[in-house]
> 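Sharing a structure below in structure tokens format, with a few things to ask.
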2 protein chains.
Amino acid sequence: MNFSKTTEYALRILGYMSLHANELHSADALSEKLSVPKKYLQRLLTDLSKAGFLKSTRGRNGGFSFDRSPDQIFLSQIVAATEGADWEPKCIFGFGTCAFDNACAMHDIWCDTHNTLVTMLHNTRLSDLKKTK
Amino acid sequence: MNFSKTTEYALRILGYMSLHANELHSADALSEKLSVPKKYLQRLLTDLSKAGFLKSTRGRNGGFSFDRSPDQIFLSQIVAATEGADWEPKCIFGFGTCAFDNACAMHDIWCDTHNTLVTMLHNTRLSDLKKTK
DNA sequence: TAAATATGCTACCTTGATGTAGCATTTAAC
DNA sequence: GTTAAATGCTACATCAAGGTAGCATATTTA
């Protein structure tokens with residue numbers, strides 16, 4: 001019960017970058033700083049660029065920076081980019097619709113839990129990471 | 001962001017069986033009824049037996065039935081058996097402890113969400129599936 | 001006792017996520 | 001212009017989860 005590694009990485013990268021927005025970050029530097037495998041991170045960064053979160057600058061002294069301001073990026077958008085936008089509260093039993101006519105209480109409980117998560121992802125902006133204690 | 005297929009199957013199987021407790025279910029019958037691959041389900045059933053949820057009867061007219069009453073089985077125990085009991089709210093960024101000194105607000109939000117799920121799993125009994133509309 | 005129908009076990013196959021390697025391309029510094 | 005340092009791309013390697021196959025073992029029924 002967790003996000004995929006890729007999603008975790010994406011959140012880690014963008015979360016870190018939002019603390020140093022307006023700076024240009026190279027894949028190498030991010031890899032060392034964030035303990036993400038260099039080549040995998042590099043590919044992920046270009047994916048995040050194609051997804052519209054970042055823009056890349058090629059050539060010497062190149063790197064990645066935000067294409068949109070962090071306060072216009074919601075966590076739900078990042079998760080959607082890495083694992084697809086599937087916010088439907090799916091049946092915890094794996095059925096599309098409940099197969100147990102008398103078991104839907106489970107669904108209600110599950111939907112509540114699921115909604116808590118989705119709501120959090122939809123309401124939290126990347127820039128919210130900065131506002132803290 | 002979901003349970004593993006195996007966990008899903010386990011919940012599906014035990015959930016269904018709890019609606020027909022005291023009956024003996026063969027792997028074949030459950031496979032057809034619940035759309036779980038026959039051989040995979042069979043292996044999973046013996047795992048669930050070894051985990052103490054079910055007891056198996058071999059030979060003709062054999063099958064599986066509950067070894068513990070469904071009202072003594074919590075969803076958290078099922079999930080723990082299939083994906084390991086890891087109820088620690090892990091860092092959403094993938095670090096053991098927060099790597100962003102100024103980003104812990106994220107953690108608070110995440111922990112809330114995580115706790116909602118864990119609490120639900122700990123409080124819901126298999127037998128609760130029966131009590132419904 | 002023999003046949004039918006269960007589970008138990010173990011080895012293998014498949015697939016998708018993750019990770020690696022190498023080369024092409026772009027740009028700045030000298 | 002040449003070199004160094006960056007991204008872009010694509011093919012391949014690895015690993016764990018999910019799924020399949022076949023035979024051994026147990027038990028009931030006839």
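Within every chain, numbering begins at 1; the chains are lettered A, B, ... in the order of the sequence lines, protein sequences first and strands thereafter.
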> Which residues in residues 45-58 of chain B have at least one heavy atom lying under 4.0 Å from any atom of DNA chain C?
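Heavy-atom cutoff 4.0 Å gives T46(B), K50(B), S56(B), T57(B), R58(B).
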> Looking at R125(B), is its backbone amide N or carbonyl O close enough to the side chain of D128(B) to form a donor-acceptor pair, meaning the two atoms are under 3.5 Å apart?
yes
> How close do A21(B) and P70(B) get, counting heavy atoms only, and between which atoms?
CB-CG, 4.3 Å
> Choosing from dT18(C), dG19(C), dA28(C), which nucleotide comes nearest the side chain of Y9(A)?
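Of dT18(C), dG19(C), dA28(C), dG19(C) is nearest to the side chain of Y9(A).
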> Do you know the tightest heavy-atom contact between S65(A) and E23(A)?
CB-O, 3.6 Å
> Is any side-chain N or O of Y40(A) closer than 4.0 Å to OP1 or OP2 of dA17(C)?
no
> Kindly say whether L121(A) contributes a backbone atom to a donor-acceptor pair with the side chain of T124(A) at under 3.5 angstrom?
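Judged by distance alone, no pair lies under 3.5 Å.
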> When all nucleic acid strands are considered with a 4.0 Å heavy-atom cut-off, which category describes G62(A): base, sugar-phosphate, or nothing?
sugar-phosphate
> Which whole-number value in Å describes the distance from R43(A) CZ to dT18(C) P?
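Interatomic distance, CZ of R43(A) to P of dT18(C): 10 Å.
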> Could you state the atom-to-atom distance from CZ of R60(B) to C1' of dA2(C) in whole Å?
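Computing the R60(B):CZ to dA2(C):C1' distance gives 12 Å.
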> Is K39(B) touching bases, backbone alone, or none of the nucleic acid, heavy atoms closer than 4.0 Å?
base
> Hey, is the main chain of F3(A) close enough, under 3.5 Å, to the side chain of T7(A) for a donor-acceptor pair?
no
> Applying the side-chain contact (heavy atoms from CB on, under 4.5 Å) test to H25(B), which of L45(B), I13(B), L30(B), L34(B) qualifies?
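Going through the options one by one, the only one that passes is L30(B).
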> dT25(C) P sits how many Å from Q42(A) CD, rounded?
16 Å
> Considering only heavy atoms of chain A and a distance under 4.0 Å, specify the first and last nucleotide of DNA chain D in 5' to 3' order that meet this criterion.
dA4(D) to dA11(D)
> Got a donor-acceptor contact below 3.5 angstrom from the T119(A) side chain to the T116(A) backbone?
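Looks like no, no N/O pair under 3.5 Å.
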> Using side-chain hydrogen bond (donor to acceptor under 3.5 Å, both in side chains) as the criterion, list what pairs up with S69(A), not counting sequence neighbours.
D71(A)
